[in-house]
Novice: 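Okay, handing you the structure first.
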Amino acid sequence: MRGGRRLFPLLLLALLSGLCHGREPAPGAVTCGSVLKLLNTRHSVRLHSHEVKYGSGSGQQSVTGVEASDDANSYWRIRGKSDSSCQRGTPVKCGQAIRLTHVNTGKNLHTHHFPSPLSNNQEVSAFGDDGEGDDLDFWIVQCSGTYWEREDAVRFRHVGTEVFLSITGEQYGHPIRGQREVHGMPAANHHNYWKAMEGVFIKPSLEPAKHDEL
């Protein structure tokens, strides 16, 4: 009985600690609502967009890769196919379909059957208004475990066309000189691995998080 009395305060302390810190079901997992940068591990550039449209193809907002780690146009918010399918702070599962919404312009990462301007792969653009686009904004997170962990290199496979979000090194000239082409490729290879980098990661909590943007 005495042993049980000693154990109870320890269990209570552990419970309170978990509540106060908003303990995650999967520590280190990328969570819905988080804002982050994505690094292509092969070419060491971050996924980027800006208010520059393609001069060919769809004419939509261009998506590129940039070397700078401090560019504010490289932040993306993790969202589900619907808000109810990816509640804020919930760890993203391997195999889950998500949307990546560009923070500064409110457009979603998107691809469709247009050729990319440099490599003639599939064009990747940013599309929609205030986070709302269409069914071609959905990407499946491919990873090896149960959840998308921050330290893991993952792939993003497009739901509608089944291409992988990729970079193969082609560089643009004016007006976005030095930025890399981002495109979709039909095969899984070393050009389509991405890793979560800088950002704000939302943790599950009984209280609303105070900061969800940079």
Side-chain angles (χ1 to χ4, degrees), residues 30 32-40 43 45-66 71-86 88 92 95-142 148 154-168 170-173 175-176 179-186 188 191-194 196-197 199 212-214:
V30 174
C32 298
S34 294
V35 174
L36 50 73
K37 295 183 178 182
L38 291 167
L39 177 75
N40 183 279
H43 298 278
V45 293
R46 285 162 175 77
L47 187 69
H48 177 92
S49 191
H50 40 219
E51 293 182 347
V52 177
K53 295 183 178 180
Y54 288 119
S56 60
S58 69
Q60 294 176 3
Q61 182 170 299
S62 59
V63 173
T64 64
V66 297
D71 195 312
N73 273 319
S74 299
Y75 285 110
W76 302 82
R77 185 186 302 278
I78 308 298
R79 302 170 64 212
K81 292 181 69 175
S82 64
D83 291 337
S84 61
S85 68
C86 194
R88 194 167 98 162
V92 176
Q96 182 173 339
I98 64 168
R99 287 176 289 178
L100 290 164
T101 301
H102 189 242
V103 171
N104 281 355
T105 63
K107 296 184 182 297
N108 296 325
L109 190 71
H110 181 95
T111 190
H112 39 212
H113 293 294
F114 287 92
S116 59
L118 301 183
S119 66
N120 205 39
N121 284 296
Q122 185 166 298
E123 181 193 277
V124 170
S125 65
F127 173 76
D129 294 298
D130 297 324
E132 297 306 318
D134 62 21
D135 290 347
L136 293 177
D137 298 341
F138 303 146
W139 301 80
I140 292 174
V141 181
Q142 289 195 341
W148 174 9
V154 304
R155 290 188 174 102
F156 299 101
R157 181 171 63 82
H158 190 244
V159 172
T161 65
E162 299 187 344
V163 297
F164 293 90
L165 184 68
S166 306
I167 292 178
T168 49
E170 295 82 4
Q171 294 190 19
Y172 288 105
I176 50 174
Q179 296 187 22
R180 310 294 178 87
E181 180 186 81
V182 174
H183 50 247
M185 299 184 72
H191 295 294
N192 37 60
Y193 275 119
W194 300 84
M197 298 298 286
D212 67 346
E213 290 194 16
L214 300 177

Novice: Hey, are the side chains of H183 and T168 touching, using non-hydrogen atoms and a 4.5 Å cut-off?
Specialist: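 H183 reaches T168 side chain to side chain.
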
Novice: Working to the nearest 0.5 angstrom, can you tell me the gap between L109 CG and L136 CG?
Specialist: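 The distance works out to 11.5 Å.
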
Novice: CZ of F127: more than 12 outside heavy atoms within 6.0 angstrom?
Specialist: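 Yes, CZ of F127 has more than 12 neighbouring heavy atoms, counting only those of other groups under 6.0 Å.
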
Novice: Kindly indicate whether the side chain of C32, heavy atoms from C-beta on, has any atom under 4.5 Å from the side chain of V92.
Specialist: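 A side-chain contact under 4.5 Å exists here.
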
Novice: Verify the distance criterion only: is there a donor paired with an acceptor across the side chains of H110 and D137 at less than 3.5 Å?
Specialist: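 Indeed, the side chains of H110 and D137 share at least one donor-acceptor pair under 3.5 Å.
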
Novice: To the nearest 0.5 Å, how far apart are CD in Q61 and OH in Y54?
Specialist: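 Those atoms lie 9.5 Å apart.
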
Novice: Can you tell me if T101 and N108 form a side-chain donor-acceptor pair at under 3.5 Å?
Specialist: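 There is such a pair between these side chains.
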
Novice: When rounded to the nearest 0.5 angstrom, what is the spacing between NE2 in H102 and CD in E51?
Specialist: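 Separation between the atoms: 9.0 Å.
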
Novice: Do the non-hydrogen side-chain atoms of F156 and V154 ever get within less than 4.5 Å of each other?
Specialist: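 Of all side-chain heavy-atom pairs linking V154 with F156, at least one is under 4.5 Å.
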
Novice: Between E123 and S58, do the side chains contain an N or O donor and an N or O acceptor separated by less than 3.5 Å?
Specialist: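 Yes, because at least one side-chain N or O of E123 sits under 3.5 Å from a partner of the opposite role on S58.
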
Novice: With a 4.5 Å limit on heavy-atom distance, are the side chains of E162 and R157 in contact?
Specialist: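 Yes; the side chains approach each other to less than 4.5 Å.
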
Novice: Using modelled atom types only, decide if a donor and an acceptor are shared between the side chain of S85 and the backbone of G80 within a distance under 3.5 Å.
Specialist: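 Not at all, since once roles are kept as given, no pair shorter than 3.5 Å links the two residues.
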
Novice: Who pairs with D130 by salt bridge (charged side-chain N to carboxylate O under 4.0 Å, His left out), at least two apart in sequence or on another chain?
Specialist: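 D130: no salt bridge (charged side-chain N to carboxylate O under 4.0 Å, His left out) contacts found.
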
Novice: What's the verdict on side chain to side chain contact (heavy atoms under 4.5 Å, CB included) for W76 and K37, showing C-alpha distance, side-chain angles and the deciding distance?
Specialist: CA-CA 6 Å; W76 302 82; K37 295 183 178 182; 6.0 Å; no

Novice: Would you name the heavy atoms of V124 and V63 that are closest together and state the gap between them?
Specialist: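 For V124 versus V63, the nearest heavy atoms are O-CB, 3.8 Å.
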
Novice: What is the distance from atom CG of N120 to atom CD of E170, rounded to the nearest 0.5 Å?
Specialist: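 Answer rounded to 0.5 Å: 10.5 Å.
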
Novice: Measure across G33 and R77 and return the closest heavy-atom pair with its distance rounded to 0.1 Å.
Specialist: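 Looks like O-NH1, 3.4 Å.
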
Novice: Please determine, by modelled atom types, if H50 and S62 share a side-chain donor-acceptor pair under 3.5 angstrom.
Specialist: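 Looking only at side-chain atoms, S62 and H50 do form a donor-acceptor pair, the distance falling under 3.5 Å.
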
Novice: For side chain to side chain contact (heavy atoms under 4.5 Å, CB included), just list the numbers for L165 and N192, CA-CA rounded to whole Å, side-chain angles, deciding distance to a tenth of an Å, and then say yes or no.
Specialist: CA-CA 6 Å; L165 184 68; N192 37 60; 5.7 Å; no

Novice: Show the nearest heavy-atom pair for residues V30 and A196, with the distance to one decimal.
Specialist: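 It is CG2-CB, 4.1 Å.
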
Novice: Could you state the interatomic distance from NZ (K107) to OG (S125), rounded to the nearest 0.5 Å?
Specialist: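 One gets 9.5 Å once the value is rounded to the nearest 0.5 Å.
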
Novice: Looking only at heavy atoms, what is the nearest atom pair of W194 and N40, with distance?
Specialist: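 Where W194 meets N40 most closely, the heavy atoms are CE3-N, 3.4 Å.
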
Novice: Please report the closest heavy-atom contact between N121 and G184, naming both atoms and the distance.
Specialist: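 In terms of heavy atoms, the two residues are closest at CB-O, 3.4 Å.
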
Novice: Check I98 against W148 and note the closest heavy-atom contact, atom names and distance.
Specialist: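 For I98 versus W148, the nearest heavy atoms are CD1-CZ3, 4.1 Å.
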
Novice: Counting C-beta onward and ignoring hydrogens, is there a side-chain heavy-atom pair between V45 and L39 closer than 4.5 Å?
Specialist: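 Counting from C-beta outward, V45 and L39 never come under 4.5 Å.
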
Novice: Given S116 and Q122, is the side chain to side chain donor-acceptor pair (under 3.5 Å) satisfied, shown in steps?
Specialist: CA-CA 5 Å; S116 59; Q122 185 166 298; over 6 Å; no

Novice: So, are R46 and D71 salt-bridged, with charged N and O less than 4.0 Å apart?
Specialist: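 Looking at D71 together with R46, the answer is no, because their closest N to O distance does not fall below 4.0 Å.
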
Novice: Are Y172 and L118 close enough that some pair of their side-chain heavy atoms sits under 4.5 Å apart?
Specialist: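 The answer is yes; the side chains approach within 4.5 Å.
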
Novice: Using distance alone, with no hydrogens and no angle criterion, decide if S166 and H191 have a side-chain donor and acceptor under 3.5 Å apart.
Specialist: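 Side-chain D/A pair, S166 to H191: absent.
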
Novice: Return yes if a side-chain donor-acceptor contact under 3.5 Å exists between S119 and E181, otherwise no.
Specialist: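 A donor-acceptor contact under 3.5 Å links the two side chains.
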
Novice: Report the distance from atom NZ of K81 to atom CD1 of I140, rounding to the nearest 0.5 Å.
Specialist: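 Between atom NZ of K81 and atom CD1 of I140 there are 8.0 Å.
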
Novice: Hey, is the main chain of I167 close enough, under 3.5 Å, to the side chain of H43 for a donor-acceptor pair?
Specialist: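 Yes: the side chain of H43 pairs with the backbone of I167.
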
Novice: Quick one: list whatever passes salt bridge (charged side-chain N to carboxylate O under 4.0 Å, His left out) with E132, sequence neighbours left out.
Specialist: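 With sequence neighbours excluded, E132 shows a salt bridge (charged side-chain N to carboxylate O under 4.0 Å, His left out) to R79, R99, given in chain and number order.
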
